[in-house]
Number of protein chains: 2
Amino acid sequence: MMEKTELVTRLKEIAGEGNVFTGTETEPFLSEPRGRWTGKAAAVVRPGTTEEVAAILKIASETGTPVVPQGGNTGLVGGQIPDMSGTAVILSTARLNRIRDIDPDGNTITVEAGVVLQAVQEAADAHDRLFPLSLGSQGSCQIGGNLSTNAGGTGALAHGVARDLCLGLEVVLPTGEILDDLNKLKKDNTGYNLRNLFIGAEGTLGVITAAVLKLFPKPAGRATAFVALPSPAEALALFARARGEAGNGLTAFELMARIGVEFSVRHIEGVRDPLGEHHPWYVLMEISSGQSEEDARGKLEAVLEYGLEDGLVLDAAIAESYAQHADFWRLREGMSESQKPEGGSIKHDISVPVDSVPDFLAEADKAVLAIEPGSRICAFGHLGDGNIHYNISQPVGADRKVFLQLAEVITPAVHGIVRAHGGSISAEHGIGQMKRAELAETKQPVALDLMRRIKKAFDPAGIMNPGKVL
Amino acid sequence: MMEKTELVTRLKEIAGEGNVFTGTETEPFLSEPRGRWTGKAAAVVRPGTTEEVAAILKIASETGTPVVPQGGNTGLVGGQIPDMSGTAVILSTARLNRIRDIDPDGNTITVEAGVVLQAVQEAADAHDRLFPLSLGSQGSCQIGGNLSTNAGGTGALAHGVARDLCLGLEVVLPTGEILDDLNKLKKDNTGYNLRNLFIGAEGTLGVITAAVLKLFPKPAGRATAFVALPSPAEALALFARARGEAGNGLTAFELMARIGVEFSVRHIEGVRDPLGEHHPWYVLMEISSGQSEEDARGKLEAVLEYGLEDGLVLDAAIAESYAQHADFWRLREGMSESQKPEGGSIKHDISVPVDSVPDFLAEADKAVLAIEPGSRICAFGHLGDGNIHYNISQPVGADRKVFLQLAEVITPAVHGIVRAHGGSISAEHGIGQMKRAELAETKQPVALDLMRRIKKAFDPAGIMNPGKVL
């Protein structure tokens with residue numbers, strides 16, 4: 001390894017004096033918003049071009065310096081945080097923030113890794129197009145991080161996850177070589193699909209520096225309803241009906257337990273319960289139409305009518321204005337944040353086959369309540385993708401720390417039920433540091449072995465985001 | 001390498017006496033339908049289970065025996081044909097032909113590699129579902145081959161290529177290990193995406209033995225038109241309009257040059273030109289609706305009306321019955337076969353960004369006609385995917401052999417134009433033997449190097465389909 005002072009000097013030569021941070025300047029990059037992971041770094045460097053990224057990785061490779069890529073620092077599994085050794089360089093993608101090209105006719109946009117998700121959405125919108133990836137953190141997360149973690153979010157139901165929205169990539173390999181695969185093609189069968197290896201690799205195989213993303217026509221109309229239901233089984237039946245009615249026009253179907261609605265109403269400013277009475281479960285349903293507002297509304301009403309007649313739906317409110325639509329969404333989007341003031345929360349980001357969601361919830365609730373009867377289970381998420389954020393808030397008045405220690409029994413119980421349903425213990429957040437040990441224990445050994453072989457083939461020096469995923 | 005007789009004995013022990021062929025029995029497996037590639041094999045083995053495949057690959061790995069996986073033997077680039085050394089074992093997937101599971105509620109089907117594509121479509125149909133992959137060879141090609149070559153076809157416009165239709169895979173690695181990734185999940189971020197490496201690897205990284213595929217609701221209605229247009233530019237404008245009107249309901253938009261229609265009418269039994277007069281270009285347009293036949297018809301008529309008013313459309317015929325719909329499709333599907341009786345044909349399976357298709361065609365036509373002025377350019381294909389089968393039939397009365405030698409100048413010229421548009425020289429057929437040298441010459445060296453590293457990591461003994469792709 002190179003002397004730290006020499007390393008810093010060389011980084012400054014590459015990225016400029018003002019773009020290399022050391023000492024206390026590195027602090028904002030060393031821990032993530034929830035404070036669950038903290039690390040140390042020899043330096044933080046903010047390259048401004050792909051070539052600068054390449055030069056940095058070349059030095060890192062030659063000197064055996066670990067490199068931790070970091071986008072908006074919103075990741076939930078510690079993937080963007082270095083270890084405590086203080087040997088790593090954090091490579092911030094914040095200055096790779098140009099929109100290189102937008103092609104509304106071809107329905108593509110080419111952006112650098114550091115462009116904030118919301119800026120991509122807005123650029124698309126300015127050209128009368130939709131970029132459908134949508135996350136709670138969209139105001140600060142960056143597209144490079146979204147791709148590296150294969151982000152999901154609410155838009156995945158109709159348009160897929162980040163992987164599905166990417167046509168081409170530019171990647172700097174650990175050796176400093178630049179892979180230019182920025183293609184705009186819908187069909188290309190010229191050799192192995194490298195793109196999908198880097199997407200979701202959480203920065204362990206290289207640094208994504210730019211991407212060609214798909215754009216879509218903006219819907220002509222949209223209709224949103226906040227729906228009360230007896231249980232997840234009815235929500236699943238309503239989902240099938242809504243999918244049948246609207247097809248790909250069903251653009252959101254978000255399941256929420258009552259307690260999550262209560263948390264959001266209690267703690268998020270301006271959030272109200274759109275329905276007067278208490279109901280056990282809710283769905284935020286959105287239907288979009290390429291034709292008109294009326295078309296979307298008509299389909300939404302048809303689904304609700306069916307649901308009411310068939311006993312699936314207890315009550316429903318339809319958004320009558322954009323403001324109401326935004327209110328419904330704020331309630332849903334506030335669900336993560338509103339858990340904080342309720343004390344400790346043991347969180348799981350799981351997926352199961354869509355039609356297994358009701359069984360999973362029933363079995364997991366039973367297991368959790370057997371361990372801690374006062375647990376407040378705040379399950380919510382993307383029912384149509386089989387992806388539930390199965391979060392458990394501490395009993396009222398319990399000791400936060402003591403409760404959080406229960407994760408050692410609760411999480412294995414929940415994940416065991418997930419696996420029994422053929423599910424995934426990380427549906428959209430990734431592995432990072434958080435689930436690394438569990439991945440090693442539970443993933444099929446053959447799969448792990450192939451991943452390790454790929455890692456070794458791509459990053460023989462082991463400098464790319466060590467200690468993450470594998 | 002093992003003695004051939006001992007190898008055959010061990011293969012018979014694994015797969016049974018009747019499922020190992022040698023000598024003249026191997027002939028049907030040694031060349032492909034167009035007769036462009038022929039090879040020799042030590043034996044052909046037809047395993048009946050994944051475990052048998054594993055046992056065969058284990059022996060092959062231990063003895064350094066090359067293994068060439070073969071499905072329906074319909075591939076167009078020689079990927080399924082061994083070399084002339086006679087050392088290879090052809091592993092036919094024909095007996096891996098069980099449908100393991102169909103889950104209409106979850107919209108998935110789990111099939112073994114040897115299930116014929118049409119059988120997957122029919123199984124889906126019997127459960128009121130759609131499996132949208134659709135190819136000319138669907139009556140004989142197998143799903144394992146479709147995935148190994150990442151097949152495209154006419155359904156890709158609305159539902160994507162084979163890669164997009166696959167949720168999970170079972171693969172036997174060259175070492176004989178079985179990778180069980182038969183998951184049904186829409187979201188799973190637990191480590192590197194291995195599935196997309198095997199899809200499109202043309203059997204060079206392992207043998208796909210089973211897959212979980214996505215199903216879709218069957219459309220409630222469908223409307224089909226055969227449309228005449230002045231040029232590809234108008235076709236592109238009409239495509240944009242049709243996409244805007246029908247969104248994902250636009251399920252086919254196939255461009256055809258006049259001469260292709262003439263060939264099909266001349267040589268395919270029962271095919272007629274639906275329009276009386278001669279027109280330079282045609283499009284087969286299909287709109288599907290989740291709601292009703294009337295809805296599909298209404299949208300189709302709206303698109304055509306706009307096209308006629310705006311001068312994009314010269315004439316159009318709408319299918320008034322299922323028989324007419326089938327007639328339109330037979331004309332389109334007959335286009336490949338109908339080129340054979342017209343003499344030698346130099347073929348290119350290319351893609352460019354969708355909005356570059358008209359420029360590509362103009363430039364390529366100019367280049368080809370400069371080389372051989374009498375060339376009859378039969379361009380047709382999936383305009384909405386930017387994927388054109390740019391095939392050139394010999395001049396009338398020309399010498400077949402002499403004309404085919406022009407491929408040495410015509411193909412580089414055409415592919416040069418493709419690359420200038422950021423396109424792909426293999427949009428959907430793959431690399432196989434046919435384009436291996438060109439891939440090595442023209443693919444970015446960094447990408448080739450990564451592919452070689454992956455190949456070496458997965459198949460250190462180099463037994464999997466050697467001489468293909470890389």
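In what follows, every chain begins at residue 1, and chains take the letters A, B, ... in the order their sequences are listed.
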Please look at [X] and chain B and tell me whether the side chain, the backbone, both or neither of the residue comes under 4.5 angstrom of a heavy atom of that chain.
| X | answer |
| --- | --- |
| Ala220(A) | neither |
| Phe216(A) | neither |
| Ala240(A) | neither |
| Glu428(A) | both |
| Asp180(A) | both |
| Leu179(A) | both |
| Arg195(A) | neither |
| Pro217(A) | neither |

I need the residue from [options] with the largest number of non-hydrogen atom pairs under 4.5 Å to chain B.
| options | answer |
| --- | --- |
| Arg163(A), His429(A), Glu202(A), Gln291(A) | Arg163(A) |
| Pro445(A), Ala246(A), Gly430(A), Gly200(A) | Gly430(A) |
| Asn183(A), Asp349(A), Leu173(A) | Leu173(A) |
| Thr204(A), Ile350(A), Ile425(A), Asp449(A) | Thr204(A) |
| Thr108(A), Thr175(A), Ile178(A) | Ile178(A) |

How long is the gap from CG on Asp181(B) to NZ on Lys443(A), to the nearest 0.5 Å?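 If we round to the nearest 0.5 Å, Asp181(B):CG and Lys443(A):NZ are 6.0 Å apart.
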Ser424(A) and Lys187(B): side chain donor to acceptor below 3.5 Å: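 No, because no side-chain N or O of Ser424(A) sits under 3.5 Å from a partner of the opposite role on Lys187(B).
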Looking at chain A, which one of [options] has the largest number of heavy-atom pairs inside 4.5 Å, strictly under?
| options | answer |
| --- | --- |
| Leu450(B), Leu194(B), Val469(B) | Leu450(B) |
| Ala427(B), Gly384(B), Gly290(B) | Ala427(B) |
| Leu205(B), Asn248(B), Asp164(B) | Leu205(B) |
| Thr190(B), Asn107(B), Ile454(B) | Thr190(B) |
| Arg243(B), Glu245(B), Lys455(B) | Lys455(B) |

Above 12 or not: heavy atoms from other molecules or residues under 6.0 Å from NZ of Lys456(A)?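 Count not over threshold, so no.
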Residue from Asn189(A), Asp188(A), Asn193(A) passing side chain to side chain donor-acceptor pair (under 3.5 Å) with Asn150(B):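 Option passing the side chain to side chain donor-acceptor pair (under 3.5 Å) with Asn150(B): Asn189(A).
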Minimum heavy-atom separation for Lys186(B) to Asp385(A), with atom names?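 Minimum heavy-atom separation between Lys186(B) and Asp385(A): CB-O, 3.8 Å.
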What are the two closest heavy atoms between Leu185(A) and Gly423(B), and how far apart are they?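 Shortest heavy-atom contact: CD1-C, 3.5 Å.
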Here's a test for you: under side-chain contact (heavy atoms from CB on, under 4.5 Å), which of Ser351(A), Pro353(A), Ser356(A) qualifies with Lys184(B)?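 Of Ser351(A), Pro353(A), Ser356(A), side-chain contact (heavy atoms from CB on, under 4.5 Å) with Lys184(B) is met by Pro353(A) alone.
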Donor-acceptor pair, distance only, cut-off 3.5 Å: does the side chain of Glu177(B) make one with the backbone of Ala447(A)?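 No: the side chain of Glu177(B) does not pair with the backbone of Ala447(A).
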Any side-chain heavy-atom pair from Leu236(A) and Asp105(B) closer than 4.5 angstrom?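 The answer is no, as the side chains (C-beta and beyond) never meet within the 4.5 Å cut-off.
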Would you mind reporting whether Tyr192(A) and Asn196(B) have side-chain heavy atoms less than 4.5 Å apart?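 Answer no - side chains too far apart.
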